[in-house]
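Heads up: the structure comes next, in structure tokens.
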2 protein chains.
Amino acid sequence: MKTARNTAAKTEIQDLIVTSNVALSHSEIQKSLDGLCDRVTIYRVLERLLEEGTIHKIVNVDGVVKYAGCHSCSKKHSHNHIHFSCQKCKAVTCLEDVEPSYKLPKNYKVSEMNFTLSGLCPQCL
Amino acid sequence: MKTARNTAAKTEIQDLIVTSNVALSHSEIQKSLDGLCDRVTIYRVLERLLEEGTIHKIVNVDGVVKYAGCHSCSKKHSHNHIHFSCQKCKAVTCLEDVEPSYKLPKNYKVSEMNFTLSGLCPQCL
DNA sequence: ATTCTAATGCAACAATGTTGCAAAAGTAAT
DNA sequence: ATTACTTTTGCAACATTGTTGCATTAGAAT
Ligand SMILES: [Mn+2]
Ligand SMILES: [Mn+2]
Ligand SMILES: [Zn+2]
Ligand SMILES: [Zn+2]
């Protein structure tokens, strides 16, 4: 069996993401860590945190990948919430309360969704 | 003033995308063109087609950027439709008829949306 | 045919992400 | 505390995707 280990890198990265009120990109995390560990390690830690269900991944409209803490996810990711990407302050936030509704025409089996709105956030409006 | 010109590359790329019933990525287009023009030219043609409002850009859940023809866009892109990304056949399609509804909590100004569902398409179900 | 300039090719670069492998460091057992 | 096991890391090397500068090519209007 595989036994996960607690390392400085993992603890610090997890703390950064979960504490933050905006989603963070790999490069933003790297900047915050200030040389605590290698770039590759950050990628691998993020991968582990995703598998654990601690964080979730957001692909922004501009293609930038960001990470945010999970709140109502226990082991299985169930993200049916919207993300908002501010074009001015560049902040990407989870709108956990906003669940979109839609109706698919034919036989589709949905297992994942990625819904990002972009524009101006309340602070920048 | 700038006067657009019709070139072999542009004509071919536009035809490929508009004709296709699935969204195409840069690399898929490059493969189809089979050396007709340089990689960079493809990027620049895609940029032009986007500005012209002939095609629209889709950032998939996996981060892959795809391009599809516009149908109800006249100069201004207005894409309020959903995209579906099949995890089996990898096809990304426009579901032009499906318009999601949602209600944002605070003061947000939305100018763009990117909504992609992934799972199994009717063919793969 | 001449002229103007949009469009292209090429090389060089940057950003992001992945992989292999040896070294380092958790963790549990002794 | 020491040992043994295996996860995790660092480093180098690589792949993919996208951008930029500049000289050259080639539409299209005259
Ligand atoms: Mn979220
Ligand atoms: Mn579409
Ligand atoms: Zn903002
Ligand atoms: Zn399919």
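Bear in mind the structure is a predicted one, so any value in this text is a computation, not a measurement. Protein chains get the first letters and strands the later ones, always in sequence-line order, with residue 1 at the start of each.
Ring geometry for A:His56 against A:His83 counts as parallel: the plane angle stays under 30°, on a 0 to 90° scale with 60° as the upper cut.
Atoms NZ (A:Lys66) and P (C:dG17) sit 12 Å apart, rounded to a whole Å. In this structure, CG of B:Asn6 is placed 10 Å from P of D:dG27, rounded to the nearest angstrom. Between A:Arg5 atom CZ and C:dG26 atom P the separation is 9 Å, expressed in whole Å. For A:Gln14 and D:dT8, the CD to P distance is 13 Å, given to the nearest whole Å. Atoms CD (B:Glu47) and P (D:dT20) sit 8 Å apart, rounded to a whole Å. Atom-to-atom, CG of B:Asp38 to P of D:dG21 comes out at 17 Å; the value is rounded to the nearest Å. C:dG26 atom P lies 13 Å from atom NZ of A:Lys10, rounded to whole Å. If you take CD1 of A:Ile42 and C1' of D:dT8, they are 14 Å apart, rounded to a whole angstrom.
Proximity of B:Thr7 to the phosphate of D:dG27: no side-chain N or O atom is located under 4.0 Å from OP1 or OP2. Checking the phosphate oxygens (OP1, OP2) of C:dA7, a side-chain nitrogen or oxygen of B:Arg48 falls inside 4.0 Å.
No option in B:Asp62, B:Asn60, B:Thr93 other than B:Asn60 meets the side chain to side chain donor-acceptor pair (under 3.5 Å) test with B:Ser85.
The end-to-end axis angle of the helix from C:dA1-D:dT30 to C:dT30-D:dA1, rounded to 10 degrees and based on five pairs per end, is 30°.
The listed nucleotides are D:dT9, C:dC10, C:dT18; the one nearest the side chain of B:Val40 is C:dC10. Which of D:dT9, D:dG27, C:dT18 sits closest to the side chain of A:Thr41 comes down to D:dT9.
We find that B:Lys90 and B:Glu28 are not joined by a salt bridge, their nearest charged nitrogen and carboxylate oxygen being 4.0 Å or further apart. Of the charged side-chain nitrogens involved, none lies within less than 4.0 Å of a carboxylate oxygen, so that B:Lys2 and B:Glu51 do not count as a salt-bridged pair.
The base of C:dG17 is not paired with the side chain of A:Arg44 by any donor and acceptor separated by under 3.5 Å.
Map A:Arg39 and A:Leu36 each onto its nearest nucleotide of DNA chain D; the residue landing nearer the 5' end is A:Leu36. Between A:Val64 and B:Ala4, it is B:Ala4 whose nearest contact on DNA chain C lies nearer the 5' terminus.
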Mind listing the side-chain donor-acceptor pairs of residues 114-125 of chain A below 3.5 Å, one per line with the distance, residues two or more places apart or on another chain?
none

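Across every non-hydrogen atom of B:Asp38 and B:Val40, the tightest pair is OD2-N, 3.0 Å.
If you check the side chains of A:Thr54 and A:Gln14, you find no donor sitting under 3.5 Å from an acceptor.
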